[in-house]
Peer 1: 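Mind having a look at this structure? Questions to follow.
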Amino acid sequence: GTPVQSRMDQSKPLKVRLTFSVILVGVSLLFTAVVTDHWAVLSPRVEEYNATCEAAHFGLWRLCIKRIFMQEQGPKVKGCGPISLPGEHNCSYFKHFTPGQSSEIFEVTTQKEYSISAAAIAIFSIGFAIIGTICVLLSFSKKRDYLLKPASMFYTFAGLCIIISVEVMRQSVKRMIDSEETVWIEYTYSWSFACACASFVLLFICGITLLLIALPPFPQNPWETCMDAEPEH
C-alpha cells in the first residue's frame with residue numbers, strides 16, 4: 001500500500017479505542033436510565049398549604065409516591081413539590097410485574113401497555129449494547145477487524161431502541177396528565193430521562209462513526225487502485 005494508507009492503518013486502532021471509550025459512556029448512561037426511577041415526576045394540584053400532598057416519580061419498573069409537607073410558596077407554584085423536599089417515600093413495582101399487588105393511584109389499565117412496551121424495548125437496547133461491546137472487545141485481537149461493522153450496527157440499534165422507549169414513556173406521561181381519572185396535573189421529566197436521551201445521542205453517533213472507521217479507506221486518486229492491483233500473469 002501507499003505511505004498514506006499505512007499511516008491510516010496505524011491510526012485506525014487509536015480511532016477505534018477513542019470511539020469505544022465514548023460508547024462506554026453511552027452504555028453506562030443507558031444502564032443508569034433503565035435501572036433508575038426518575039424518568040418523570042408527577043404532581044397533583046395543591047389547594048391548601050400546611051398540609052401533605054403526594055408527588056410521584058417513576059421509571060420503567062417502579063412508581064414511587066412521596067408524601068411532602070407543603071408550606072406556602074410563591075403564587076406561581078401550583079403543584080406538589082419539588083420532589084427533593086423531605087418526605088415519606090413508598091416505592092412499588094408496577095402491578096403487571098408483580099401480580100397481586102394493588103396500586104390505587106396508578107391507573108394500571110391505561111398504563112400497562114405503555115410501561116411493558118417501554119421496558120421491553122429498553123431491554124432490547126441493553127442487549128444490543130452488550131453484543132456490540134463483545135464484538136468490539138473481540139475485534140481488538142489480531143485480524144478481527146471485520147467485527148467492527150456488526151458492532152457499529154448493534155450500537156446504532158441500541159440507540160434507536162432507547163429513543164423509542166423514551167417516546168413511549170413520553171406518550172405514557174401525556175396520557176396520564178390528560179386523563180380525567182388521574183390526580184396528576186403537572187409533570188416534569190427528570191434526570192433518568194435525560195440519561196436515556198444522552199445515551200441515544202452517544203450510541204447513535206458513535207455507532208455510525210465506528211462504521212465509517214471500519215470501512216476500507218477510499219482511494220484519494222482512482223489511479224491508486226489501478227496501480228495497486230496485482231499484474232495479471
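Numbers here are sequence positions counted from 1. Every value quoted in this text rests on a predicted model; they were computed, and no experiment measured them.
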Peer 1: Just by modelled atom types, is the V34 backbone N or O under 3.5 Å from a matching donor or acceptor in the W61 side chain?
Peer 2: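 Judged by distance alone, yes, a pair lies under 3.5 Å.
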Peer 1: Would you call L211 and K149 a side-chain contact if the rule is heavy atoms closer than 4.5 Å?
Peer 2: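 Heavy-atom side-chain distance check passes, below 4.5 Å.
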Peer 1: Within a reach of under 6.0 Å around OH of Y189, are more than 12 heavy atoms found that belong to other residues, nucleotides or ligands?
Peer 2: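 Atom OH in Y189 is crowded, with more than 12 foreign heavy atoms closer than 6.0 Å.
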Peer 1: Keeping S28 on the side-chain end and L24 on the backbone end, is there a donor-acceptor pair under 3.5 Å?
Peer 2: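 Between the backbone of L24 and the side chain of S28 there is a qualifying donor-acceptor contact (under 3.5 Å).
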Peer 1: F157: which residues meet the ring pair (Phe, Tyr, Trp, His ring centres under 6.0 Å) condition with it, sequence neighbours left out?
Peer 2: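 For F157, the residues satisfying ring pair (Phe, Tyr, Trp, His ring centres under 6.0 Å) (neighbours in sequence not counted) are F128.
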Peer 1: Could you report the tightest heavy-atom contact between H89 and C64, atom names first, then the distance?
Peer 2: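 Heavy-atom minimum between the residues: NE2-CB, 4.0 Å.
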Peer 1: Kindly work out whether a path of hydrophobic side-chain contacts (I/L/V/M/F/W/Y, heavy atoms less than 4.5 Å apart) joins L29 to L18.
Peer 2: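 Cluster IDs for L29 and L18 differ.
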Peer 1: For residues K66 and I83, report the shortest heavy-atom separation together with the two atoms involved.
Peer 2: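 Minimum heavy-atom separation between K66 and I83: NZ-O, 2.8 Å.
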Peer 1: Just verifying a value: how many Å separate I205 CD1 and T19 OG1, rounded to the nearest 0.5 Å?
Peer 2: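 So the CD1 of I205 and the OG1 of T19 are separated by 12.0 Å.
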Peer 1: Might you point out which heavy atoms bring A158 and A129 nearest each other, and give the distance in Å?
Peer 2: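 Of all heavy-atom pairs spanning A158 and A129, the closest is CB-N, 3.9 Å.
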Peer 1: For L148 and C135, run side-chain contact (heavy atoms from CB on, under 4.5 Å): C-alpha distance rounded to whole Å, both residues' side-chain angles, the deciding distance at 0.1 Å, then the answer.
Peer 2: CA-CA 7 Å; L148 289 175; C135 288; over 6 Å; no
Peer 1: Is any side-chain heavy atom of V16 closer than 4.5 Å to a side-chain heavy atom of D145?
Peer 2: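 A side-chain contact under 4.5 Å is absent here.
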Peer 1: In terms of hydrophobic clusters joined by side-chain contacts under 4.5 Å, are I134 and V22 together?
Peer 2: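 Different clusters: I134 never reaches V22 through Ile, Leu, Val, Met, Phe, Trp or Tyr contacts under 4.5 Å.
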Peer 1: Rounded to the nearest 0.5 Å, what separates atom CD1 in I23 from atom SG in C206?
Peer 2: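 I23 CD1 to C206 SG: 5.0 Å, rounded to 0.5 Å.
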Peer 1: Do F193 and R170 touch side chain to side chain, with heavy atoms closer than 4.5 Å?
Peer 2: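 Sidechains of R170 and F193: in contact.
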Peer 1: Applying side-chain contact (heavy atoms from CB on, under 4.5 Å), run through F204 and T156 and close with a yes or a no.
Peer 2: CA-CA 5 Å; F204 189 76; T156 311; 3.5 Å; yes
Peer 1: Taking T32's backbone N and O only, do any of them form a donor-acceptor pair with T36's side chain (distance below 3.5 Å, no angle check)?
Peer 2: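 Such a contact is found between T36 side chain and T32 backbone.
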Peer 1: Mind checking whether V201 and F20 sit in one hydrophobic cluster, side chains of I, L, V, M, F, W, Y counted as touching below 4.5 Å?
Peer 2: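 Per the 4.5 Å side-chain linkage, V201 and F20 are co-clustered.
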Peer 1: Is R17 positioned over the aromatic face of F140, cation under 6.0 angstrom from the ring centre and no more than 45 degrees off axis?
Peer 2: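 Pair R17/F140 counts as cation-pi.
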Peer 1: Using the ring pair (Phe, Tyr, Trp, His ring centres under 6.0 Å) criterion, which residues pair with F31? Sequence neighbours excluded.
Peer 2: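 Ring pair (Phe, Tyr, Trp, His ring centres under 6.0 Å) check on F31 returns nothing, list empty.
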Peer 1: Are T133 and Y155 close enough that a side-chain donor and a side-chain acceptor fall under 3.5 Å?
Peer 2: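 Distance-only check passes for T133 and Y155.
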Peer 1: Is M169 reachable from W191 through a run of I, L, V, M, F, W or Y residues, each pair having side-chain heavy atoms under 4.5 Å apart?
Peer 2: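 Different clusters.
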Peer 1: So, the side chain of S192 versus the backbone of H38: is there a donor-acceptor pair under 3.5 Å, distance only?
Peer 2: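 Yes; at least one donor-acceptor contact below 3.5 Å.
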Peer 1: With rounding to the nearest 0.5 Å, note down the distance linking CD1 in I121 to CD1 in I126.
Peer 2: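 Between I121 CD1 and I126 CD1, I get 13.0 Å after rounding to 0.5 Å.
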Peer 1: Counting distance only, does the side-chain N/O of H57 pair as donor-acceptor with the main-chain N or O of W39 below 3.5 Å?
Peer 2: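 No: the side chain of H57 does not pair with the backbone of W39.
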Peer 1: Could you pull out the closest heavy-atom pair between G26 and S199, with the gap in Å?
Peer 2: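 Where G26 meets S199 most closely, the heavy atoms are O-CB, 3.2 Å.
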Peer 1: Begin with the C-alpha distance, continue with both residues' side-chain angles, and end with the deciding distance and a verdict on side-chain contact (heavy atoms from CB on, under 4.5 Å) for F58 and V41.
Peer 2: CA-CA 7 Å; F58 68 95; V41 177; over 6 Å; no
Peer 1: Step by step, work out the side-chain contact (heavy atoms from CB on, under 4.5 Å) result for D37 and L60.
Peer 2: CA-CA 7 Å; D37 303 319; L60 294 170; over 6 Å; no
Peer 1: Would you name the heavy atoms of I213 and K12 that are closest together and state the gap between them?
Peer 2: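 Result for this residue pair: O-CE, 3.5 Å.
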Peer 1: Please give me the minimum heavy-atom distance between S152 and G207, naming the atom from each residue.
Peer 2: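 Looking at all heavy atoms of both residues, the closest pair is CB-O, 3.0 Å.
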Peer 1: How many angstroms lie between CG in L30 and CG in L202, if you round to the nearest 0.5 Å?
Peer 2: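 Reported to 0.5 Å precision, the distance equals 10.5 Å.
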Peer 1: Any donor and acceptor pair, going by atom type alone, linking the side chain of S165 with main-chain N or O of I162 inside 3.5 Å?
Peer 2: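 Here the side-chain-to-backbone pair does not exist.
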Peer 1: Hydrophobic clustering (ILVMFWY, side-chain heavy atoms < 4.5 Å, transitive) - are V25 and L203 grouped together?
Peer 2: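 L203 and V25: separate clusters.
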Peer 1: Heavy-atom count around Q171 CD within 6.0 Å, excluding the residue itself: above 12?
Peer 2: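 Buried by this count: over 12 neighbours within 6.0 Å.
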Peer 1: To the nearest 0.5 Å, tell me how far T52 OG1 sits from R67 CZ.
Peer 2: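 Between T52 OG1 and R67 CZ, I get 6.5 Å after rounding to 0.5 Å.
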Peer 1: Rounded to the nearest 0.5 Å, how far does OG of S43 lie from CD1 of I185?
Peer 2: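 These two atoms lie 6.0 Å from each other.
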